[in-house]
Amino acid sequence: MNQEFLERMDSYIEGLFVESDPALRAAVESSKNAGLPEIQISPNQGKFLRLLAELSGARRILEIGTLGGYSGIHFARSLPEDGVLISLELEERHAEVARENFERAGVAEKVEIRVGDAKAMMREMAERGDEEPFDLVFIDAEKEGYLEYLDLSLELSRPGTLIIADNVVRGGRVLEEGNMMREFNEKFAAHERLSGIIVPLIREYVDGVALARVK
Ligand code: MG
């Protein structure tokens with residue numbers, strides 16, 4: 001599958017299912033202007049994640065890796081009136097951009113960005129044990145951390161929680177021996193507390209999400 005084909009396919013689906021949205025366009029623009037890495041999810045993936053969140057009926061969503069808030073806007077929009085998105089971000093300057101983007105999208109009231117080391121924050125949440133478990137967890141931070149993020153996500157989950165991890169196909173690089181995402185995918189697939197699958201998603205390359213229901 002060449003890149004042109006993938007882009008055409010991606011655009012075709014986007015043209016059918018994704019409405020042009022000023023707040024989302026502005027989120028992409030402002031993130032770019034602020035010099036954030038342009039690694040946000042694609043419009044089609046945003047629609048897909050929002051649909052998954054709505055189908056799961058999630059009221060409490062945890063996102064690991066806020067970046068400019070592009071995926072967070074989709075999650076926040078999926079939430080019911082009393083829902084909350086807690087989004088963890090290492091970089092204060094990313095969080096600043098994201099705050100503005102959530103504000104512009106009209107979802108700021110439903111979003112709490114916590115700045116700091118996500119693992120430490122998750123560990124602390126788990127130890128305190130005073131938060132309700134999350135209904136959906138989206139792992140989309142630095143890939144070296146995925147194995148630990150998964151363990152910590154499970155500690156903050158209940159049976160039925162949906163765990164989604166982004167970028168697990170990596171343009172097919174995951175097929176190569178030694179690719180670091182392989183270990184994560186193997187653990188995710190074989191985990192006794194998870195029932196899941198990888199869904200490949202196309203944009204100008206093929207990537208994908210691992211998703212699973214906590215048993
Ligand atoms: Mg990602």
Side-chain angles (χ1 to χ4, degrees), residues 3 6-7 10 13-14 18 21 24-25 27-32 34-53 56 58 61-78 85-91 93-95 97-98 101-102 105 111 113-115 117-119 121-122 134 136-153 162-176 179-185 187-188 196-212:
Q3 185 175 333
L6 294 174
E7 280 175 6
D10 190 38
I13 297 170
E14 188 179 326
V18 181
D21 185 299
L24 288 170
R25 275 206 314 276
V28 172
E29 264 317 288
S30 70
S31 300
K32 189 177 172 183
L36 269 55
E38 293 174 64
I39 52 169
Q40 73 272 357
I41 60 169
S42 69
N44 288 341
Q45 188 180 354
K47 182 73 186 283
F48 180 57
L49 293 178
R50 178 173 175 175
L51 202 51
L52 286 176
S56 77
I61 299 178
L62 177 66
E63 177 179 58
I64 306 163
T66 313
L67 197 61
Y70 183 81
S71 50
I73 292 171
H74 291 87
F75 284 124
R77 286 177 172 171
S78 78
L85 166 68
I86 295 178
S87 192
L88 311 180
E89 173 56 49
L90 182 62
E91 306 277 352
R93 66 186 187 95
H94 295 178
V97 174
N101 287 330
F102 288 133
V111 185
I113 303 176
R114 297 183 186 171
V115 179
D117 178 71
K119 286 172 198 149
M121 290 190 279
M122 291 172 80
F134 290 95
L136 189 157
V137 181
F138 182 54
I139 303 172
D140 190 20
E142 94 288 355
K143 308 310 163 198
E144 296 80 2
Y146 266 39
L147 285 167
E148 202 175 342
Y149 290 132
L150 179 60
D151 288 338
L152 289 164
S153 298
L162 178 60
I163 297 182
I164 308 172
D166 193 25
N167 308 117
V168 302
V169 171
R170 314 282 274 165
R173 291 200 302 282
V174 75
L175 296 176
E176 290 159 21
N179 183 280
M180 71 168 135
M181 204 47 84
R182 287 172 79 95
E183 196 184 345
F184 174 81
N185 289 341
K187 180 171 172 174
F188 197 89
I197 190 72
I198 287 175
V199 180
L201 297 168
I202 60 168
R203 47 200 300 186
E204 60 278 19
Y205 49 90
V206 181
D207 208 333
V209 290
L211 58 107

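What you see below is based on every heavy atom in this structure, not just the backbone, and it leaves out hydrogens, waters and symmetry mates. A quick note: this is a predicted structure, and the numbers were derived from the prediction, not measured. All ligand and atom numbering here is 1-based and tracks the order in the structure.
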Within a strict 2.8 Å cut-off of the Mg ion (ligand 1), protein N/O/S atoms tallied 3

Which residue pairs pass the side-chain hydrogen bond (donor to acceptor under 3.5 Å, both in side chains) test when at least one of the two sits in residues 39-48, sequence neighbours left out? Asp10-Asn44, Gln45-Asp166

side-chain hydrogen bond (donor to acceptor under 3.5 Å, both in side chains) pairs touching residues 197-211, sequence neighbours excluded, are Asn167-Asp207

Greater than 12 external heavy atoms within 6.0 Å of Ile197's CD1: no

For Tyr146, enumerate each residue passing the ring pair (Phe, Tyr, Trp, His ring centres under 6.0 Å) test, keeping only those at least two apart in sequence or located in another chain. Phe184

Taking atom CD of Glu183 as the centre, does the number of heavy atoms from other residues, nucleotides or ligands within less than 6.0 Å exceed 12? no

Working to the nearest 0.5 Å, report the span between CG of Asp140 and CG of Leu67. 8.0 Å

